[in-house]
Amino acid sequence: MRNALLIAWREFAENAKTRGFWFGILLFPMIWIIGAQVPAFLAKKGTPTRNFVLVDRTGRMAAVVEAALERDEQRRQGEAFREWASARLVPGGSLPLAKGEFDLGQALGEVGPMLRTNVGSFESPSPRFRRVEPPPGITIDGDLNALEGELRSWLREGRSYVPVDAKVPVSLFAAALILEGKTSNAAPVLRFWSENQADTALREKIDNALSADFRLREYVRLGIDPKVVSRVENARAEVVNLSPRKAAGEERVGIADLLRQWAPSAFVYLLWVAVFSIAQMLLNSVIEEKSNRIIEVLLSSVTPVELMAGKLVGIAAVGLVMVGSWIGTLFLVGFWMAGSAAASGAASGGASGLPMELMTLLGDSWILPAFGLYFLLGYVLYSAVILAIGSTCNTIKEAQNYMGVIVLLMMVPLVAMTFIPRDPNGPIATFLSWIPPYTPFVMMNRVTAGPPLRDVLGTLVLLVACDVLAIWACGRIFRAAVLRTGQPASISQMWRWVRGR
Amino acid sequence: MELESVSKRYGDFRAVDGLSLSVPQGCIYGVLGPNGAGKTTTLRMILGVVEPTSGRVSVLGHGSAMSVRERVGYLPEEKGLYRKMKASAVIAYFATLKGMSRRQADLRARELLDRHGLGLFADVKTEALSKGMGQKVQVLASIAHDPDLVILDEPFSGLDPVNQGVLEEIVRDLKERGRTVLLSTHVMAHAERLCDRVVIISGGRSLFDGTLAEARRVVPAKVRIRTRDSLEPLQDLPMLRELRSLGDGRWEFELEEGADPQAVLEACFTNQVRLSHFSASEATLHDAFVRLVGPAAREASYR
């Protein structure tokens with residue numbers, strides 16, 4: 001026991017000194033930050049102002065479209081301002097609710113007293129869309145085909161030009177042509193030309209503006225009060241989402257219930273990542289000792305089971321510290337976000353309240369211990385198998401061949417994770433629960449859905465038995481294989497070792 | 001330490017075949033044999049790293065070296081260290097595995113390194129040490145916990161003559177302090193200088209087990225004389241095995257095992273064979289080894 005702990009401590013200390021460990025600790029939070037911030041950053045800064053030409057053959061619609069785009073732009077500026085201001089509030093300060101049109105001067109006047117001093121000035125984001133005058137030499141009143149032909153070549157070649165009303169050259173993102181409807185009472189036609197078919201925002205905004213305007217005019221023409229229409233259109237059926245599992249009076253399905261359903265997937269993923277983050281360490285630790293022949297000295301000092309157990313505990317602890325640090329970071333960031341969200345006066349319980357909800361969810365039930373148990377048992381099972389693989393190989397390259405099989409095996413829970421939460425007690429989930437390599441993954445997915453007690457107890461017993469068996473069998477393979485050099489062992493050879501021949 | 005008709009089979013291959021050994025306490029015991037003779041397997045069985053297929057092992061009065069592992073030190077044949085650990089940390093780590101406290105082990109590691117001229121390298125990672133230094137560190141690691149029985153598998157391989165000398169001193173020092181040393185080698189000169197007793201094994205069997213003097217006697221001593229007289233009177237001497245003429249009145253006798261060359265001199269004297277030259281040469285361990293192992297080893301290398 002003492003020796004196993006000594007070995008565990010050395011493995012832990014040596015692996016915790018490696019760069020890989022610290023990269024691992026920092027990498028995940030970095031991926032989160034990048035994953036969360038970069039798209040938002042790109043959306044804000046990365047998309048350039050889209051310049052477009054608007055040709056209105058109806059004579060009425062250009063103003064409608066421009067007004068709609070202007071309203072949108074105002075809202076965008078207002079949001080940017082609120083975001084800027086909420087990060088610069090004095091402690092305890094709050095932002096007034098947004099209302100009406102955004103006006104920077106007015107907004108600054110209202111919010112100013114709430115802001116800390118020396119916050120700098122607010123820089124309005126550049127506009128999302130800008131209508132520009134058509135390229136020189138294009139007559140917009142002429143023949144439609146000729147006009148489109150010319151616009152088309154400008155768009156295709158992406159040439160830039162200086163519009164008559166501007167000073168800097170622009171290149172066209174799109175050309176929108178609005179034509180009269182085919183009959184006198186039909187909606188107008190939008191012909192939208194653009195090289196970029198991925199960014200559909202401008203097309204949709206013009207389309208919505210035209211459609212809304214047309215509908216409104218139709219209501220008026222048919223003698224219907226637009227206010228009535230608006231009221232009718234906004235009417236909705238009242239939906240109450242209930243769960244039969246919950247106590248009377250608390251049946252309402254809230255965010256905690258959604259978490260209850262989806263949090264397990266997070267844990268499944270965490271187990272997956274945890275196993276893979278230490279796989280290389282496990283393989284390295286045995287293969288280094290085998291290739292250096294240190295193993296002989298060790299085996300003259302400790303039993304193979306002590307050595308095996310020590311390595312398992314030490315390296316597993318490294319992985320747990322890594323995973324723990326990720327979870328810790330998640331909660332810290334969550335609390336920080338929740339804190340700043342509360343400060344800016346936003347309603348709590350939104351996305352920023354998630355960690356809180358998660359905490360309550362995990363804190364007040366047997367779910368957390370169940371997760372912990374399945375996580376640890378699964379972790380030990382995979383670690384023991386990987387360690388045994390390492391002990392039969394002389395080089396990392398040999399070990400990679402076997403690891404390929406493990407990776408394939410472990411793909412199944414990742415795929416299963418997408419459908420098991422929808423039918424957590426269905427036949428596929430139940431079947432997979434009883435296949436030991438998948439038991440921890442599938443059961444973590446199922447525990448929040450209240451699986452039958454016999455499944456929970458049965459799989460726990462199965463998993464414990466498998467862990468014991470795996471450690472015992474791996475100990476035997478380990479013992480027989482560690483002093484071997486030359487060819488890696490075949491499966492049948494390993495089987496003979498397990499049987500002790 | 002004792003082995004009683006110990007065998008180890010790997011499938012059909014008999015690595016060690018009915019080997020018996022008895023190593024008295026406080027001596028330096030050499031395990032000699034050609035490549036593939038079963039030396040390393042024998043040592044591994046003594047250590048309990050490999051379990052014998054049959055037979056009995058007794059180490060320091062116990063059935064298994066594992067139960068007295070704190071009192072046994074081991075240096076394997078192929079040398080290696082944790083590359084990323086410091087020299088002193090490696091020695092201390094192995095010492096803690098042998099039951100020393102962490103503090104004690106650390107002090108001991110530094111003291112050993114200081115005493116053997118590696119004090120400056122105590123905090124250097126082993127990957128930065130030269131091969132010889134690394135090997136010295138490993139030897140120190142095997143004796144850091146002050147074991148009663150030290151098993152060294154080919155300790156001299158890869159060391160330069162100066163460091164071989166240093167290692168010999170370490171081994172003699174262990175003996176002086178009453179420790180038992182079991183070492184395997186195929187360099188006879190080391191065995192001859194160090195060992196009190198040797199066992200010569202080949203093909204997994206013991207061919208010889210005894211003191212160095214006994215080993216030398218395996219090979220007949222040779223006597224050379226020069227005389228103008230007839231050798232007729234000596235023909236019937238029982239201790240003479242073979243007589244060869246080297247020409248010009250010079251002769252060489254091979255003596256029976258255990259015969260004393262002095263007896264030849266005496267016989268010459270009593271039979272009035274007048275000698276102008278007499279020399280007796282005792283066989284070396286090398287001769288004994290080649291004679292015992294030679295045919296089998298050559299055969300093995302042709303297979």
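The structure presented is a predicted model; accordingly, all values stated were derived computationally and were not measured. Lettering follows sequence order; numbering is per chain, from 1.
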Self-check item: side chain to side chain contact (heavy atoms under 4.5 Å, CB included) evaluation trace for A:C393 with A:Y402
Solution: CA-CA 9 Å; A:C393 300; A:Y402 288 102; 3.9 Å; yes

Practice problem: Apply the test side chain to side chain contact (heavy atoms under 4.5 Å, CB included) to residues B:S20 and B:V6: give CA-CA distance (whole Å), side-chain angles for both, the deciding distance (0.1 Å), then the verdict. | Solution: CA-CA 6 Å; B:S20 295; B:V6 165; over 6 Å; no

Quiz item: In terms of ring plane angle, is the pair A:F21 and A:F12 parallel, tilted or perpendicular, where the classes change at 30° and 60°?
Solution: perpendicular

Quiz item: Quick one: is the NZ or CZ of A:R10 closer than 6.0 Å to the six-membered ring centre of B:Y82, and within 45° of its axis?
Solution: yes

Practice problem: Hey, could you give me each pair passing side-chain hydrogen bond (donor to acceptor under 3.5 Å, both in side chains) that has a residue in residues 137-150 of chain B? Not counting sequence neighbours. | Solution: B:R71-B:D148, B:D146-B:R177, B:D146-B:R179

Quiz item: What residue, out of B:L81, B:L75, B:L47, has the most heavy-atom pairs lying under 4.5 Å from chain A?
Solution: B:L81

Quiz item: With chain B, which of A:R2, A:E288, A:E306 has the greatest number of heavy-atom pairs at distances under 4.5 Å?
Solution: A:R2

Quiz item: Where does B:Y74 contact chain A at under 4.5 Å (heavy atoms): side chain, backbone, both or neither?
Solution: both

Quiz item: Less than 4.0 Å between a side-chain N and a carboxylate O, is that true for B:R110 and B:D114?
Solution: no

Quiz item: Looking at B:E169 and B:R172, does any basic side-chain N land under 4.0 Å from a carboxylate oxygen?
Solution: no

Quiz item: Non-hydrogen atoms of chain B under 4.5 Å away: do they reach the side chain of A:T18, the backbone, both or neither?
Solution: neither

Practice problem: Report, by ascending residue number, the residues of residues 97-104 of chain B in heavy-atom contact with chain A at a distance under 4.5 Å; give 'none' if the set is empty. | Solution: B:L97, B:K98, B:G99, B:M100, B:S101, B:R102

Exercise. Let me see the working for B:I46 and B:L43 under side chain to side chain contact (heavy atoms under 4.5 Å, CB included), right down to the final yes or no.
Key: CA-CA 5 Å; B:I46 294 168; B:L43 298 186; 4.2 Å; yes

